[in-house]
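Working notes, structure below.
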Amino acid sequence: MNERLADSHRVFDRVSQEYDAARPHYPEALYLALETLSGIRLAGATVIDVGAGTGISTRGLLDRGARVVAVDRGELMLARLRVRTDCPALLADGNDLPLRAGAADLVTYAQSWHWLDPALSVAEAVRVVGDGGAVAGWWNTVDPGKADWLAANQVRLAESCPGYIGPVLPGWSMPPMAAAMSDAGLSVAETWVDWTRSVPLEDFLTDLRSHSYIASMEGGVATELLARERAELGRVFPDGRLTVPMRVYLVVGRRGRRGAM
Ligand SMILES: C[S@@+](CC[C@H](N)C(=O)[O-])C[C@H]1O[C@@H](n2cnc3c(N)ncnc32)[C@H](O)[C@@H]1O
């Protein structure tokens with residue numbers, strides 16, 4: 001496994017507090033699209049949420065009636081999840097799930113699949129969902145095509161952060177989970193959900209600090225960068241509340257029932 005993947009949970013553990021405090025939730029329409037594309041009603045479904053982190057996706061699934069088992073390799077991220085949910089939470093590697101074959105209806109990766117091994121992770125998910133189950137990944141991202149201030153913010157981040165990953169990079173695209181699912185024999189469907197986030201400026205900056213490309217920078221450099229963003233964004237939003245155009249990309253792979261046409 002390459003170094004970026006092997007150490008990702010340590011990067012997130014360093015910013016678990018910021019992650020928990022300020023990362024966005026996922027909109028209702030995302031969960032509806034998940035039900036539609038997977039053919040699985042969340043109420044009553046058994047869901048394994050891999051890379052559950054501090055529990056943003058886990059709580060969204062629990063709120064809709066799913067029975068969720070959260071899985072993450074980051075001890076501090078999971079500790080935050082445990083504070084606010086009492087679902088089972090396993091400190092484990094998503095590439096090697098400690099779960100029996102057919103244990104779940106759905107395996108989800110919210111904002112996390114790109115940190116796992118692309119082939120091993122999907123093979124594990126397919127094993128764990130069994131016949132008729134589904135595997136889903138989704139990613140929240142800002143939508144700089146809809147606001148000049150956001151495009152300018154992302155360009156500044158791309159120029160200042162060596163590890164920046166995001167929509168203003170030439171050739172940027174969502175992680176290739178659809179291809180990995182297709183290679184694993186799943187029937188794949190994709191969609192995008194647009195939404196708008198209203199967020200205080202300080203929370204937006206805390207959210208930025210929790211992104212791996214800032215979390216992996218030296219502390220003083222990150223603080224300086226965020227001070228610059230506070231000044232730039234404060235000029236655009238003098239009342240201190242941002243309206244941020246967002247998009248969620250959702251990909252779902254369904255595993256057919258053995259013998260079904
Ligand atoms: C960006 S966070 C996503 C958290 C959450 N699902 C959400 O929606 O906010 C990615 C998480 O994946 C976890 N992770 C990275 N590699 C992993 C692996 N091999 N197995 C399990 N979790 C992993 C990290 O520790 C981190 O908590």
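Note that ligands are numbered from 1 as they come in the structure, with each ligand's atoms numbered from 1 the same way.
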Which ligand 1 atoms does G53 reach within 4.0 Å, using its non-hydrogen atoms? 4 (C), 27 (O)

Is it true that the side chains of R254 and S187 contain a donor and an acceptor less than 3.5 Å apart? no

Would Y26 count as a polar contact of ligand 1, with the cut-off being nitrogen or oxygen pairs under 3.5 Å? yes

By number and element, which atoms of ligand 1 are closer than 4.0 Å to a non-hydrogen atom of A92? 20 (N), 21 (C)

Could you tell me whether I56 and ligand 1 have an N or O pair separated by under 3.5 Å? no

Decide whether an N or O pair under 3.5 Å exists between D72 and ligand 1. yes

Do R209 and R14 have side chains that get closer than 4.5 Å, going by heavy atoms? no

Indicate yes or no: does an N/O atom of V71 lie under 3.5 Å from an N/O atom of ligand 1? no

Note: ligand 1 atoms sitting under 4.0 Å from heavy atoms of G74 are 25 (O)

Does F12 approach ligand 1 within less than 4.0 angstrom via side chain, backbone, both or neither, non-hydrogen atoms only? side chain

Which bit of S121 is near ligand 1, meaning a heavy atom under 4.0 Å away: side chain, backbone, both or neither? neither

Taking only heavy atoms of A52, which atoms of ligand 1 are found under 4.0 Å from at least one of them? 4 (C), 5 (C), 6 (N)

Answer whether the closest heavy-atom distance between the side chains of D105 and V47 falls below 4.5 Å. no

So do W195 and V248 actually touch side chain to side chain, heavy atoms under 4.5 Å? yes

Which segment of D117 sits under 4.0 Å of ligand 1 when only heavy atoms are counted: neither

Would you say ligand 1 has an N or O under 3.5 Å from any N or O of D93? yes

If you measure every N/O of S57 against every N/O of ligand 1, is any gap under 3.5 Å? yes

So does D207 pair up with R197, basic N to acidic O under 4.0 Å? yes

Contact between Y109 and S57 at the side-chain level, heavy atoms closer than 4.5 Å - yes or no? no

Quick one: are W139 and M177 in side-chain contact, heavy atoms under 4.5 Å? yes

Show the atoms of ligand 1 that are less than 4.0 angstrom away from any heavy atom in N95. 19 (N)

Does V252 reach the side chain of L34, with side-chain heavy atoms less than 4.5 Å apart? yes

Please tell me if the side chains of L32 and V193 come closer than 4.5 Å, counting only heavy atoms from C-beta onward. no

Pick one of side chain, backbone, both or neither for how M77 approaches ligand 1, counting any non-hydrogen atom pair under 4.0 Å. side chain

Any atoms of ligand 1 less than 4.0 Å from a non-hydrogen atom of G94? List them with their elements. 18 (C), 19 (N), 20 (N), 21 (C)

Indicate yes or no: does an N/O atom of Y19 lie under 3.5 Å from an N/O atom of ligand 1? yes

Side-chain donor-acceptor contact under 3.5 Å, R228 with S160: yes

Would you say the side chain of P245 lies within less than 4.5 Å of the side chain of T196, judging by non-hydrogen atoms? no

